[in-house]
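In what follows, a structure is listed as structure tokens, so that the remarks can point back to it.
For reference, positions follow the sequence shown, starting with 1. Counting starts at 1 for both ligands and their atoms, in listed order.
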Amino acid sequence: MQTELFRKFTLFSELDDKELGAIAALAKPRKYAKDEAVFHADEAGDVFCLIQSGAVKVTMISPEGKEIILSMLGPGDFFGEMALLDDHPRSATVVATEPLEVLTIFRNDFLQILAENFSIARKILAELSKRLRAASYRIESLATMDVYGRLARFFLDLARDQGKELENGYVAVVRPTHQSIANMIGTSRETVSRLIHDLMEKNLLMSEGKTIYLRKSAIDQFKEAV
Ligand code: CMP
């Protein structure tokens, strides 16, 4: 594999060319189509994956077939480290939400890389800490907020992470489907559609194509609800 492909991963930002070359020699590319599963929860795991392009959702499926989205990951992110670190099956199902290209590293090579490079091990621990914080935040939302509060928090987080402030006072955010919002906040698609419809009726937000425009007053109102 070309060393240059690895340069853009912050995981490897402290490595020199020689160290990076050694890792590049171990990695194998894999491609997945949109909606294809990279792996399923409870399978045995043998590879670590770095997302080169595309995106995935990390999900759990309840026995009744209900999907809970734990996280969305994109270029530069990694997944599949947990089963390699704790020797247990995959903790979640990972599905491509767009055409996906990953670089994979086998278990023994991955563990060897961690043993030899503290900077990489530290970055993986930092990312695991970040994911644990995000999971704690989700547990708090689910345990203490009603569905309107969870939707308000969802929009606030979206506006903070990727919102574009427009001159007319609106904040534009990319709209995930109502079904995926529902699967992220633990409710039904019908409830999300009804709540978004109510917010539109109250003129707090507008939906156009794949963009939602949040009014400044909606953001203030959401802040009061969370
Ligand atoms: P692994 O358990 O090997 O396979 C599923 C992967 O999904 C897991 O490693 C992590 O990389 C990722 N994953 C599991 N739970 C979460 C979560 N709560 N947030 C983000 N990523 C997760």
At under 4.0 Å between heavy atoms, is it the side chain or the backbone of Arg90 that contacts ligand 1, or both, or neither?
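It is both parts that get close, each with some atom under 4.0 Å.
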Residue part near ligand 1, for Phe39, under 4.0 Å between non-hydrogen atoms
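The side chain, only.
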For ligand 1, which atoms have a heavy atom of Ala83 less than 4.0 angstrom away?
1 (P), 2 (O), 3 (O)
At less than 4.0 angstrom from any non-hydrogen atom of Phe79, what atoms of ligand 1 do you find?
11 (O)
Worked verdict on Ser13 versus Thr10 for side chain to side chain donor-acceptor pair (under 3.5 Å):
CA-CA 5 Å; Ser13 61; Thr10 47; over 6 Å; no
Among the heavy atoms of Ala135, does any lie under 4.0 Å from an atom of ligand 1?
no
contact_flag Ala92 ligand 1 heavy-atom lt 4.0 Å
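Contact present.
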Does some side-chain heavy atom of [Y] sit less than 4.5 Å from a side-chain heavy atom of [X]?
| X | Y | answer |
| --- | --- | --- |
| Ile51 | Phe79 | yes |
| Arg131 | Glu127 | yes |
| Val102 | Ser53 | no |

Mind checking side-chain hydrogen bond (donor to acceptor under 3.5 Å, both in side chains) for Glu43 and listing every partner two or more places apart, or none if nothing turns up?
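Once residues adjacent in sequence are excluded, the partners of Glu43 under the side-chain hydrogen bond (donor to acceptor under 3.5 Å, both in side chains) criterion are His40.
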Check this for me: does any side-chain nitrogen of one of Glu101 and Arg30 sit under 4.0 Å from a carboxylate oxygen of the other?
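Salt bridge flag = no for Arg30 with Glu101.
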With Arg122 via salt bridge (charged side-chain N to carboxylate O under 4.0 Å, His left out) - residues at least two apart:
none
To which protein heavy atom is [atom] closest, and what is the distance rounded to 0.1 Å?
| atom | answer |
| --- | --- |
| atom 17 (C) of ligand 1 | Leu70 CB, 4.0 Å |
| atom 14 (C) of ligand 1 | Ser91 OG, 3.4 Å |
| atom 19 (N) of ligand 1 | Ser71 CB, 3.7 Å |
| atom 6 (C) of ligand 1 | Gly80 N, 3.9 Å |
| atom 10 (C) of ligand 1 | Glu81 OE2, 3.5 Å |

For Ser141 and Arg153: C-alpha separation, side-chain torsions, deciding distance, then whether side chain to side chain donor-acceptor pair (under 3.5 Å) applies.
CA-CA 8 Å; Ser141 306; Arg153 196 178 240 197; 2.6 Å; yes
If you measure from atom 7 (O) of ligand 1 to every heavy atom of Leu84, Ile124, Val58, which option wins on shortest distance?
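Selected option, by shortest heavy-atom distance: Val58.
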